[in-house]
Amino acid sequence: MNSYNYISLIPILPFIGFLLLGLLGKKLPEKLSGFIGVLFIGIAAVLSLTTAYQYFIVDGAINGVYPHLEPVKITWLQFTSTLSIDMGITLDPISVMMLVVVTFISLMVHIFSLGYMHGEKRFATYYSHLQLFTFSMLGLVISSNLFQIYMFWELVGVSSFLLIGYYYDKPSAVAASKKAFIVTRFADLFFLIGILIMGLTANSFDFNTIISTLTSENFRFGGTFLGFSVLTWALVLIFIGGAGKSAMFPLHIWLPDAMEGPTPVSALIHAATMVVAGVFLVARLFPVFAVTDSGALEIVAYVGIFSAAFAAVIACTQTDIKRVLAYSTMSQIGYMMFALGVSDYEHGAGFTSSMFHLFTHAFFKSLLFLGAGAVIHAVHSNEMKDMGGLKNIYLLHISHF
């Protein structure tokens, strides 16, 4: 990974921005706070695009396949001679894609927020929380092992709690932030148990080691519990964690209420990045889900397709424009999960379709949320029944220039 030595800067830059704005934000003028936030995310976005170009175009064009890069890692906690928790960086097609998605959309949200959040008393605090979320999400997508991804997973939960509850003097926003935090933490308990079982089964937390060990022809599942193998339980428990973060049925109940946060937050967290973390997690362990005949992949498919249909029906009954988009998001993520669940490991058609939809959905859904924010600003209401005659409103605004 010598030619990618700058990768560690991508998550570090927003973390520095978080510290600066968190510690000094109240002393800085609004424009300077916004400039600092945009600057750090902008540099991270440029580095991410550079990484994608180097990985997919330059290195990928050498022999027609994408390079396999051994993760750079440092041992943090050593349990046994073979089992440890490491902190590392791994690059593969889906992590490089997610780097571009997270940094680019975060940059657009930072820029959009300069006008949308203008005049807010806690402007710098808002930007510091955006920086913390971006740092957490970037750390998650380049993690080299299950425990590292879990740590950043929880940081994503903390930063989303802070952003959803940004309007702390508004009871509904406080209740929504608590609901999102509690529901996702409940799911993450199962995720943690699944990680421990998976680590003990594969004798490693490293993704590459887990995949090579558990997909080997010589691997034996070991004991069973209630008729299912230990590995099946581990995969299902890990999927529950992903389902909580991605708002899959029945853990979807926090997502509509999370619309109480500022609209740019919805565009970043609840459309493009945080809610696809569960899809990313299943994709990261997809070889284990697919080739072990554990039955876990079928559960992913059934939950995904039911969530897609269920959310689409509910969306038809909503009148709040942001809630319509929230249920639409849940439905689209259900499609991604379903595509993974029915994917053929040999050919990977469903896997590719899921990742392609993840990439495109991030952009069009974040644009829908940002567009909804512009409309809400114009009509001062979230209710779609109040949004007739938008053309006349914007023509009136244009005539003033």
Side-chain angles (χ1 to χ4, degrees), residues 3-25 27-58 89 91 95-120 122-142 152 155-156 159-160 162-163 166 261-274 276 359-360 362-367 369-371 373-374:
S3 59
Y4 298 89
N5 290 334
Y6 57 85
I7 294 298
S8 59
L9 286 175
I10 297 176
I12 288 174
L13 284 167
F15 182 69
I16 295 173
F18 160 68
L19 292 178
L20 285 176
L21 293 172
L23 295 174
L24 305 175
K27 301 177 182 179
L28 300 175
E30 181 180 296
K31 287 186 178 180
L32 182 57
S33 297
F35 174 77
I36 291 173
V38 172
L39 176 65
F40 282 106
I41 295 299
I43 297 172
V46 170
L47 292 177
S48 296
L49 290 170
T50 302
T51 302
Y53 176 78
Q54 176 73 24
Y55 188 86
F56 291 117
I57 306 300
V58 178
I89 296 173
L91 288 182
S95 61
V96 174
M97 176 199 71
M98 287 298 294
L99 283 177
V100 173
V101 168
V102 174
T103 55
F104 187 80
I105 292 180
S106 181
L107 174 62
M108 296 299 105
V109 168
H110 275 72
I111 294 173
F112 183 87
S113 298
L114 292 173
Y116 192 92
M117 301 299 289
H118 174 65
E120 292 283 350
R122 301 169 64 237
F123 184 87
T125 301
Y126 167 80
Y127 266 85
S128 70
H129 292 167
L130 281 185
Q131 297 273 312
L132 176 62
F133 172 81
T134 307
F135 159 71
S136 306
M137 196 66 205
L138 290 171
L140 188 154
V141 300
I142 61 174
F152 284 105
L155 271 177
V156 167
S159 50
S160 67
L162 295 171
L163 286 166
Y166 173 76
T263 302
V265 169
S266 301
L268 177 64
I269 296 180
H270 307 123
T273 54
M274 171 182 159
V276 298
F359 183 81
T360 56
F363 292 95
F364 75 69
K365 188 53 66 68
S366 59
L367 284 171
F369 268 108
L370 295 179

Q) Which atoms form the tightest heavy-atom contact between F363 and V101, and what is the distance? A) CE1-CG2, 4.3 Å
Q. Atom CG of L91 and atom CG of L99: how far apart are they, to the nearest 0.5 Å?
A. 7.0 Å
(Q) So which atom in A267 and which in I105 form the shortest heavy-atom distance, rounded to 0.1 Å? (A) O-CG2, 4.4 Å
Q: Write down the atom of V141, the atom of S95, and the distance for their closest heavy-atom approach.
A: O-CB, 3.2 Å
(Q) Would you compute the distance between atom CG of L268 and atom CE of M108 and round it to the nearest 0.5 angstrom? (A) 12.0 Å
Q. Any side-chain heavy atom of S8 sitting closer than 4.5 Å to one from I89?
A. yes
Q: With the side chain counted from C-beta on, respond yes when I10 and I142 share a heavy-atom pair under 4.5 Å apart, and no when they do not.
A: no
Q: Starting at CZ of F18, measure out to CG of L23 and round the result to the nearest 0.5 Å.
A: 8.0 Å
Q. At their closest point, which heavy atom of E30 faces which heavy atom of H118, and how far apart are they?
A. OE2-ND1, 2.5 Å
Q | Rounded distance (nearest 0.5 Å) linking atom OG1 of T273 with atom CZ of F133 | A | 3.0 Å
Q.
If you count every heavy atom of other residues, nucleotides or ligands that lies below 6.0 Å from F112 atom CZ, does the total exceed 12?
A. yes
Q: Grab the two heavy atoms, one from L28 and one from S33, that are nearest each other, plus how far apart they are.
A: CB-OG, 3.6 Å
(Q) Could you check whether any side-chain heavy atom of L163 comes within less than 4.5 Å of a side-chain heavy atom of P262, counting everything from C-beta outward? (A) no
Q) Taking it one step at a time, do V276 and M98 satisfy side-chain contact (heavy atoms from CB on, under 4.5 Å)? A) CA-CA 10 Å; V276 298; M98 287 298 294; 4.0 Å; yes
Q) Minimum heavy-atom separation for Y116 to G373, with atom names? A) CE1-O, 3.5 Å
Q: Could you tell me how the ring of Y126 sits relative to the ring of Y166: parallel (under 30°), tilted (30 to 60°) or perpendicular (over 60°)?
A: perpendicular
Q: To the nearest 0.5 Å, tell me how far I12 CD1 sits from I43 CD1.
A: 13.0 Å
Q | N/O donor-acceptor pair under 3.5 Å between Q131 side chain and G37 backbone | A | yes
Q.
Please check: side-chain N/O of Y127 versus main-chain N/O of L114, any donor-acceptor pairing under 3.5 Å?
A. yes
Q: Would you sort out whether L47 and L13 count as a side-chain contact (heavy atoms from CB on, under 4.5 Å), showing the intermediate values?
A: CA-CA 11 Å; L47 292 177; L13 284 167; 4.0 Å; yes
Q: Decide yes or no for T51 and Y6: does some side-chain heavy atom of the first lie under 4.5 Å from some side-chain heavy atom of the second?
A: yes
(Q) Given 3.5 Å as the limit, does a donor-acceptor pair link the side chain of S106 with the main chain of T103, or not? (A) no
Q: Report yes if some heavy atom in the side chain of F135 is under 4.5 Å from a heavy atom in the side chain of L155; otherwise report no.
A: yes
Q) Are V100 and Y53 side-chain neighbours, meaning at least one heavy-atom pair lies under 4.5 Å? A) no
Q: Determine, stepwise, if the pair H110 / T134 fulfils side-chain contact (heavy atoms from CB on, under 4.5 Å).
A: CA-CA 11 Å; H110 275 72; T134 307; 4.3 Å; yes
Q. Measuring from L19:CG to L132:CG, what's the distance to the nearest 0.5 Å?
A. 9.0 Å
